[in-house]
There are 2 protein chains.
Amino acid sequence: MNRVISIESIKVACKNCSLGSLCLPMGLTPPDVEKLEKIIKRNRPLHRNDHLFRENDSFSSLFVVKTGTIKTYLPREDGGEQVLGFHLPGEIIGLDAIQDERHTCSAKVLETSAVCELPFGQLEELAQVIPSLQHQMFKLLSKEIAEEGKMLTLLGKKNAEERLASFLASLSCRFKRRGFSATDFYLSMSRNEIGNYLGLAVETVSRLFTRFQEEGVVRVDRKHIELLDQDRLEAVAKGSLCARTSESNSA
Amino acid sequence: MNRVISIESIKVACKNCSLGSLCLPMGLTPPDVEKLEKIIKRNRPLHRNDHLFRENDSFSSLFVVKTGTIKTYLPREDGGEQVLGFHLPGEIIGLDAIQDERHTCSAKVLETSAVCELPFGQLEELAQVIPSLQHQMFKLLSKEIAEEGKMLTLLGKKNAEERLASFLASLSCRFKRRGFSATDFYLSMSRNEIGNYLGLAVETVSRLFTRFQEEGVVRVDRKHIELLDQDRLEAVAKGSLCARTSESNSA
DNA sequence: GTCAGTTCTTGATGCAGATCAACGTTCACT
DNA sequence: AGTGAACGTTGATCTGCATCAAGAACTGAC
C-alpha cells in the first residue's frame with residue numbers, strides 16, 4: 001500500500017471523495033464538479049477544541065465537514081451556550097451567515113476533523129453560470145429549513161426519553177448513510193453537550209442512558225454506543241410507546 | 001378619493017407595494033423588479049381557516065404574505081400539531097419545500113389574507129440571469145436558518161415567562177418594521193396556538209398574560225395587546241430579570 | 001506513576017409547569 | 001336573540017425533570 005499522498009489528491013478530491021452523493025456536488029456533471037473543485041480550499045486538519053469560526057466573525061466561506069465532527073453553538077447572554085447541532089461528514093456549516101456576512105454562531109471541533117472550504121463569493125459566481133449548482137444550493141438551504149420543524153417538535157413536545165431516543169436514532173441514520181455502522185458507534189460529544197442540545201440536564205441524559213441500557217435497548221460504555229433494539233428505539237423516539245393519551249394543544 | 005382600483009395595480013404592484021424593502025425585491029434595480037413582477041401571481045384573498053397548502057402537497061410556488069397572518073404547522077403522529085411559525089406581511093412561506101418539491105408543513109390562514117405567489121421554477125430561471133436576485137434569495141434562506149438558533153434557545157433554555165415575553169417582543173418588533181404600532185396590536189392567533197408554538201400549555205399562557213398585566217407590563221383585552229413597559233418586557237425576554245444564577249449546561 | 005481537573009453517575013429533594021376540573025366569555029349560526 | 005361550540009380563565013393537584021450533593025471514573029500534564 002502506498003501511504004504517500006500526492007498533493008494533487010489532497011487539493012482536488014471531490015470526484016474521489018467518499019462523501020460523493022451526500023455533498024454539494026451531488027447532481028452536477030463531471031465537468032461542473034471540476035469547476036467546483038477549483039474554488040475549494042482544503043486546509044490543514046483541525047484539532048479538538050479548535051474553532052472553525054466564532055460568532056460575529058466576518059463570513060467569507062462555507063465549510064463542509066470532510067471527516068470528524070463539528071459542533072455549532074450560540075453563546076447566550078448568561079455566559080452559557082446553546083448547542084445548535086453536531087455536524088458529520090458531508091454536512092455544511094455556515095449557511096446562517098450568508099444573510100449579513102457575519103457568522104451568527106460559533107463552530108468548534110469535537111474530534112480531529114478536516115473540512116473543505118468553499119469561498120462563498122466564488123460559489124455564487126459559479127452558481128450563476130451552472131444552473132444545477134444554483135438549484136443544488138437552494139435545495140441545501142431548504143433542507144436545513146425543513147429540518148428545523150423536527151427540532152421544534154422535539155423541544156416543544158417530546159419528553160426526555162423521546163428526545164434522547166430521537167437523538168440516537170438520528171445519529172444512527174446519519175452514520176449509516178455515511179457507510180458506518182448504524183448500530184455501533186462512538187459519540188464525539190459529551191453528555192453535557194447532548195443535554196444542552198436536547199434541552200435536558202446532564203443528569204437526565206446520564207440517567208436515561210442507564211435506563212435504556214437496563215431496558216436492553218442499547219449498550220453504553222462511556223462514549224461507545226451499541227443499539228440493540230433499533231425498532232424499539234424508533235418507537236420510543238416517536239412517542240408511540242407506552243400509554244399515550246396525549247391530544248394536547250392539537251389546536 | 002378614487003376608490004376604484006385598476007386591474008393593473010392589482011396585478012403588478014411590487015413597485016408600489018408598502019412592503020417594499022421587507023420583501024424579495026429588496027436590493028433589485030427597478031428594471032429587475034419589473035421582471036420579477038411579471039412572474040408573480042396574485043390570487044384572490046384567502047379566508048380564515050383556508051389552507052394555502054398542506055403537508056405533502058407537491059411544491060411549485062413560494063408565497064409571500066401580503067396582508068394578514070398565516071400559520072405554518074407540522075402534523076404530529078398523535079394527531080396533534082406543532083406550530084412552526086406565524087407569518088406576517090413580507091414574510092415568505094414554502095422555503096422548506098424546495099428540497100424535495102413537496103411541502104413538509106401545512107399553511108393555514110389565521111385572518112383574511114392576501115399572498116403573492118412566486119412560481120419557483122420561474123424564480124430560479126430569473127435568479128439565473130439576475131445575480132442580485134440569486135443573492136437576495138440566498139440571503140433570504142440564510143436568514144430563516146439563522147433565526148432557528150433563537151427558537152432553539154427559547155425552547156431549550158427559557159422558562160415560560162421568558163418565552164411569552166420573547167414572543168410578544170418579537171411580534172412588536174415585526175409590527176413596527178411594517179409600519180404598525182409596536183405597542184398596540186391584535187393577536188391573530190389563539191392562546192392555544194401561542195402555547196403550542198412556545199411549547200407551553202394553554203393554561204400557562206393564560207396565566208402569564210394575567211400576570212404580565214398585574215405587573216403592569218402589558219394590558220390585555222382578549223386579543224388586543226398593549227405593551228406598557230417595553231424595556232421590562234425585553235428584560236424578561238432575555239431572562240436578565242430576577243435572580244439568575246443560572247450557568248447550567250454552559251459546557 | 002500521581003495529582004488536579006473534568007466528566008459521568010447516582011441519589012435525594014424541590015419546583016415550574018402540565019394536567020385535571022370547572023366555570024365564564026365570545027363567536028358563529030340560524 | 002338564542003343556542004351550542006370553541007376559546008379563555010382560574011384554581012387545585014400532580015409529576016417529570018431540574019437542581020443540589022457527593023462520590024466515582026476518566027483524562028491529561030508532568
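In what follows, chains are A, B, ... by sequence order, proteins preceding strands, each numbered from 1.
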Task: Note, B/F63 side chain near B/L118 side chain (heavy atom, < 4.5 Å) - done: no
Open item on the list: With a 4.5 Å cut-off on side-chain heavy atoms, are B/K71 and B/E81 touching?
Closed with: yes
- [ ] Verify whether one side chain among A/D57 and A/H51 offers a donor that lies under 3.5 Å from an acceptor in the other.
- [x] no
Open item on the list: What I want to check is whether the side chains of A/Q230 and A/S172 have a donor and an acceptor closer together than 3.5 Å.
Closed with: yes
Task: B/T204 side-chain N/O to C/dA18 phosphate OP1/OP2 under 4.0 Å - done: yes
Open item on the list: So, does A/R191 get its side chain near the phosphate of C/dT9, meaning an N or O under 4.0 Å from OP1 or OP2?
Closed with: yes
Length of the [atom1]-[atom2] vector between [X] and [N], whole Å:
X: A/E162; N: C/dA18; atom1: CD; atom2: P; value: 15 Å
X: B/F209; N: C/dT25; atom1: CZ; atom2: P; value: 19 Å
X: A/E161; N: D/dT15; atom1: CD; atom2: P; value: 16 Å
X: B/N196; N: C/dA18; atom1: CG; atom2: C1'; value: 14 Å

Task: Presence of donor-acceptor pair under 3.5 Å, side chain of A/R207 and base of C/dG11 - done: yes
Task: Under-3.5 Å donor-acceptor pair between B/R163 side chain and C/dG17 base - done: no
Nearest to side-chain heavy atoms of [X], which nucleotide of [options]:
X: B/E203; options: C/dT9, D/dC17, C/dT19; answer: C/dT19
X: B/T210; options: C/dT19, D/dT9, C/dC8; answer: D/dT9
X: A/S190; options: C/dC8, D/dG11, D/dA18; answer: C/dC8

Task: Nearest-nucleotide 5' precedence on DNA chain C, B/R48 against B/A160 - done: B/A160
Open item on the list: Taking A/H224's backbone N and O only, do any of them form a donor-acceptor pair with A/D221's side chain (distance below 3.5 Å, no angle check)?
Closed with: no
Open item on the list: Give the residues of residues 212-224 of chain A touching DNA chain C, defined as any heavy atom closer than 4.0 Å, sorted by residue number.
Closed with: A/R222, A/K223
TODO: Please determine which of A/E55, A/H87, A/K108 meets the side chain to side chain donor-acceptor pair (under 3.5 Å) test together with A/T72.
DONE: A/H87
